[in-house]
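A short write-up of the structure that comes next.
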Amino acid sequence: MTENLWLDRWNDRYSSEEFAYGTEPNNYLKEQLEKLKPGTILFPAEGEGRNAVFAATKGWEVSAFDISNEGKNKALQLAANHNIAIDYQVGELQTLNFQAEQFDVIALIYAHFPAEIKSSIHRMLDQYLRKGGVIIFEAFSKNHLDYIAKNERVGGPKDIGSLFSIDEIKADFPNYSIIELEEKEIELHEGLFHNGTGSVIRFVGQKL
């Protein structure tokens with residue numbers, strides 16, 4: 001998919017008044033953040049901001065980015081509704097001004113980048129996490145295509161290259177102590193586009 005088509009797709013999805021994936025945080029993110037002391041956190045591909053805003057309400061210092069201006073507008077609207085502030089940048093990761101070892105946590109929640117760049121994005125993000133910092137990851141697995149075939153409402157990419165496997169996560173994050181890494185069938189009820197049974201990879205790792 002060309003860059004412009006990719007951008008148009010997300011701007012289109014985020015341009016309606018309703019929140020595409022709802023305004024409540026992802027359950028796995030919520031569960032993992034409750035185990036950690038608030039610090040600095042980065043949300044890549046954060047869309048309309050539901051997870052970033054949740055983290056900010058819990059005392060985290062939040063940064064987020066996405067390629068979609070429409071996503072940012074919705075996120076800032078949601079943040080204002082909660083009377084909190086988040087730093088939300090728009091653009092490709094390599095053009096943004098994050099610093100080495102800036103973050104205590106990086107949360108990748110359904111951050112499905114195009115297949116040809118997803119591993120390089122993960123490697124780039126690693127630079128911005130301090131030693132001892134934590135990655136929290138939930139995204140659709142390669143087996144999720146079978147679930148989409150049964151129920152399109154569950155959402156997720158339809159090309160296998162944009163989906164994840166346990167082996168890919170191990171390869172992309174080799175310098176991490178694995179706290180949790182599993183493929184799991186879950187029920188999703190997130191806004192308009194994540195509804196039904198799906199297959200996900202869940203990963204929590206601590207940077208060595």
Side-chain angles (χ1 to χ4, degrees), residues 25-47 49-67 86-89 91-144 156-157 160-186 198-208:
N26 170 265
N27 286 336
Y28 189 62
L29 173 82
K30 192 174 173 184
E31 183 187 302
Q32 296 306 318
L33 284 189
E34 281 166 3
K35 301 174 185 176
L36 300 170
K37 186 172 151 232
T40 51
I41 187 168
L42 175 64
F43 288 90
E46 175 52 7
R50 63 193 176 104
N51 296 308
V53 167
F54 170 77
T57 66
K58 297 300 176 186
W60 289 82
E61 185 184 328
V62 174
S63 297
F65 72 89
D66 200 283
I67 56 169
I86 58 174
D87 167 43
Y88 195 122
Q89 297 183 46
E92 304 280 349
L93 177 57
Q94 60 272 24
T95 68
L96 306 178
N97 59 356
F98 300 122
Q99 306 301 310
E101 301 193 4
Q102 181 177 344
F103 297 103
D104 299 311
V105 175
I106 294 178
L108 287 151
I109 305 298
Y110 298 96
H112 286 277
F113 297 98
E116 63 276 11
I117 63 167
K118 67 182 190 181
S119 288
S120 62
I121 297 269
H122 287 167
R123 286 193 290 273
M124 224 182 297
L125 287 169
D126 173 68
Q127 311 171 66
Y128 302 129
L129 188 66
R130 68 167 174 81
K131 283 196 169 72
V134 172
I135 293 267
I136 301 169
F137 178 101
E138 180 175 279
F140 292 117
S141 80
K142 292 192 184 298
N143 289 320
H144 184 67
I160 199 157
S162 297
L163 300 167
F164 294 95
S165 68
I166 283 175
D167 286 344
E168 281 181 345
I169 296 301
K170 284 180 178 172
D172 285 358
F173 300 104
N175 53 328
Y176 285 74
S177 165
I178 295 171
I179 296 166
E180 185 169 301
L181 178 56
E182 64 174 347
E183 184 170 333
K184 188 168 185 178
E185 182 179 281
I186 65 166
S199 174
V200 299
I201 302 290
R202 286 176 163 178
F203 169 55
V204 178
Q206 185 168 33
K207 187 173 176 180
L208 298 170

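A donor-acceptor contact closer than 3.5 angstrom links the side chains of Asn97 and Gln89.
Summarising the geometry of Glu180 relative to Glu182, their closest heavy-atom pair is OE2-OE2, 4.0 Å, with the distance given to 0.1 Å. Pairing each heavy atom of Gly59 with each of Pro38, the nearest pair is O-CB, 3.6 Å. Residues Phe43 and Ala107 approach most closely at CE2-CB, 3.5 Å, considering heavy atoms. The two residues Leu125 and Ile106 make their nearest non-hydrogen contact at O-CD1, 3.3 Å. Considering all non-hydrogen atoms of both residues, Pro157 and Ser162 come closest at CB-CB, 3.8 Å.
Note that the CD atom of Gln102 and the CZ atom of Arg130 stand 13.0 Å from one another [nearest 0.5 Å]. Taken to the nearest 0.5 Å, the CE atom of Met124 stands 10.0 Å off from the CG atom of Leu96. Atom CG of Leu29 is separated from atom CD of Glu34 by 9.5 Å, given to the nearest 0.5 angstrom. Rounding to the nearest 0.5 Å places CD of Gln32 at 13.5 Å from CZ of Phe137. A distance of 11.0 Å separates CD1 of Ile135 from CD1 of Ile179, quoted to the nearest 0.5 Å. For the atom pair NZ of Lys30 and CD1 of Ile136, the computed distance is 14.0 Å after rounding to the nearest 0.5 Å.
Few gaps surround NZ on Lys118; more than 12 heavy atoms of other groups in view lie less than 6.0 Å from it.
A distance of 6.0 Å or more separates the ring centres of His144 and Phe164.
For the pair Glu138 (side chain) and Arg202 (backbone), a donor-acceptor distance under 3.5 Å is absent. A donor-acceptor pair is defined here as one N or O able to donate and one able to accept, closer than 3.5 Å; such a pair exists between the side chain of Asp66 and the backbone of Glu46. Remark: the backbone N or O of Asn26 is paired with a side-chain donor or acceptor of Asn51 at under 3.5 angstrom. Of the possible donor and acceptor atoms, one in the side chain of Thr40 sits under 3.5 Å from a partner among the backbone N and O of Asp104. The closest donor-acceptor contact from the side chain of Glu183 to the backbone of Ser165 lies at 3.5 Å or more, if one exists at all. Listed for the Lys207 side chain is no donor-acceptor partner under 3.5 Å among the backbone atoms of Gly133. Within the 3.5 Å criterion, the main-chain N or O of Leu163 finds a donor-acceptor partner in the side chain of Lys142.
Using a 4.5 Å heavy-atom threshold, the side chains of Leu129 and Phe173 count as separate. You'll find the side chain of Ile169 stays beyond 4.5 Å of the side chain of Ile178, heavy atoms only. Side-chain contact between Leu108 and Phe203 is absent, with no heavy atoms from C-beta onward closer than 4.5 Å. Contact annotation: the side chain of Val204 approaches that of Tyr28 to within less than 4.5 Å [non-hydrogen atoms, C-beta and beyond].
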Mind running side chain to side chain contact (heavy atoms under 4.5 Å, CB included) on Leu181 and Ile201 for me, showing each step along the way?
CA-CA 7 Å; Leu181 178 56; Ile201 302 290; 4.0 Å; yes

Walk me through it: do Asn27 and Ile186 pass the test side chain to side chain contact (heavy atoms under 4.5 Å, CB included)?
CA-CA 11 Å; Asn27 286 336; Ile186 65 166; over 6 Å; no

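Ring-plane geometry between Tyr110 and Phe140 is classed as tilted, the angle between the planes lying from 30 to 60 degrees on a 0 to 90 degree scale. The aromatic rings of Phe65 and Phe98 sit tilted relative to each other, their planes meeting at an angle between 30° and 60°.
Between Ser63 and the options Tyr88, Phe103, Tyr128, a side-chain contact (heavy atoms from CB on, under 4.5 Å) holds for only Phe103. Tested against Val62 for a side-chain contact (heavy atoms from CB on, under 4.5 Å), the candidates Ile86, Val53, Asp87 yield a single pass: Ile86.
Contacts of Asp172 classified as salt bridge (charged side-chain N to carboxylate O under 4.0 Å, His left out), with partners at least two apart in sequence or in another chain: none.
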